[in-house]
Amino acid sequence: MKNSYNIAVIPGDGTGPEVVAEGIKVLKTVAPMAGVTFNFTHFPLGGDHYRASGELLNPETVEKLSQADAIFLGAIGHPDVPPGILEKGILLTLRFTLDQYINLRPVKLYEGVNTPLKNKGPEDIDFVVVRENTEGLYAGAGGVLKKGTPDEVAVQESINTRKGVERCIRFAFEYCKKRNRKKKLTLCGKTNVLTYAFDLWDRVFWEVAKEYPDIEADYAHVDAICMWMVKNPEWFDVIVTDNMFGDIITDLGAMIQGGMGIAAGGNIHPQGVSMFEPIGGSAPKYTGQGIINPLAAIGAAHLMCETLGLSEAGQWIENALMKVLREDIKDVGAGKMGHSTSEVGDLVCEAVRSQKKS
Ligand code: IPM
Ligand code: MN
């Protein structure tokens, strides 16, 4: 096993740098306990950099990022840059060029965290969404005609390739098997309306399912999934879906697990460079105040360790995160924790250290 890891850090915009700093603090704390070193290299990408230099992401930077063992991302999004520019120019470009074809988003309600769902607790909310991350409506296919005229035509097409769909579904089955919980994989689609795209998903899903007799294969339409996620979240173990539906249902997932303050995700290329991020965005209104919750970023660090195969380190981080949520902070919301951003990072580090074998 490797014992030195090069981590590319993109603190990004808004509160990104504040939360990433706490994630790094935790990674530096866990590293000696796990017998590894993390070397962090910062890349100043994001809205401020774009406004100052006109540059989004140059090929040399992409090349350097592709050499890293993993990428740790804060947030991309700036109130003074029109929507789409940074998202497409940085975040989506990285996902696509590094072929991070899985967006892995655990939805787990930790003890001590409030969910808006009545009568549901940590035993009910614990599933993972496997979102396809390089195709679908995000591929950017389509175009516009006669823009700005009364005859304007806008077409945005969903691209679904046999290869892209199959590798995503295979990943989801493997993940479900390794996770070893309810052993149930639900395909989230819309076969009753999107009869081309989800017909492909559906056929591949049931075909691959035959190779996994121990896993219960299940299907639900995306609208129904939204309903069940609120009404019966305990039904789910792993959900696999396309890019757009995955984007939407994981925001719902983030809410039922307690909010953006603790939701983390990984953009994964199983054989390549993966990128981990808190999914809450840049939260401009909280920037620089030291009140944003760093636990989502710390959760992203946990996912990073797990994906790098550092499962013990990952477990220490998750245990520490759970301890802090249970015992130390009042609420996961920005400004409501009863501690500053860096104090919460310190509490997690302390809880990591306390697990050291004596
Ligand atoms: C996410 C975000 C991105 C997405 C945006 C910022 C492009 O919402 O990671 O879920 O839609 O994928
Ligand atoms: Mn989203």
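When a ligand or atom number is given, it counts from 1 through the structure's own listing order.
- Below 4.0 Å from some heavy atom of Tyr138 lie the following atoms of ligand 1, by number and element: 4 (C), 11 (O), 12 (O).
- Contacts between Arg95 and ligand 1, counted as non-hydrogen atom pairs separated by less than 4.0 Å, involve the side chain only.
- For ligand 1, one of its N or O atoms has an N or O atom of Asp247 under 3.5 Å away.
- Using a 4.0 angstrom heavy-atom cutoff, Lys88 does not count as in contact with ligand 1.
- With hydrogens and angles left out, the side-chain atoms of Glu132 and Tyr138 include no donor and acceptor closer than 3.5 Å.
- Heavy-atom proximity to Arg131, at under 4.0 Å, picks out these atoms of ligand 1: 1 (C), 4 (C), 10 (O), 11 (O), 12 (O).
- The number of heavy atoms from other shown groups lying within 6.0 Å of CD (Glu87) is above 12.
- The existence of a salt bridge linking Arg203 and Glu207 is excluded, since no basic side-chain nitrogen approaches an acidic carboxylate oxygen closer than 4.0 Å.
- Side chains of Val30 and Leu310 form no contact here, defined as non-hydrogen atoms less than 4.5 Å apart.
- Counting atoms of ligand 1 from 1 in the listed order, those under 4.0 Å from a heavy atom of Glu87 are 6 (C), 7 (C).
- At a 4.0 Å cut-off, at least one heavy atom of Arg105 sits close enough to ligand 1 to count as contact.
- For atom 3 (C) of ligand 1, the closest non-hydrogen atom on the protein side is Leu91 CD2, 4.0 Å.
- For the pair Ser342 and Glu22, the minimum side-chain heavy-atom distance is below 4.5 Å.
- Asp242 and Lys190 are not joined by a salt bridge, as no carboxylate oxygen comes within less than 4.0 angstrom of a charged side-chain nitrogen.
- Of all heavy-atom pairs spanning Ala297 and Val19, the tightest one is CB-O, 3.5 Å.
- Asp247 has its closest N, O or S atom to the Mn ion (ligand 2) at the position named OD1.
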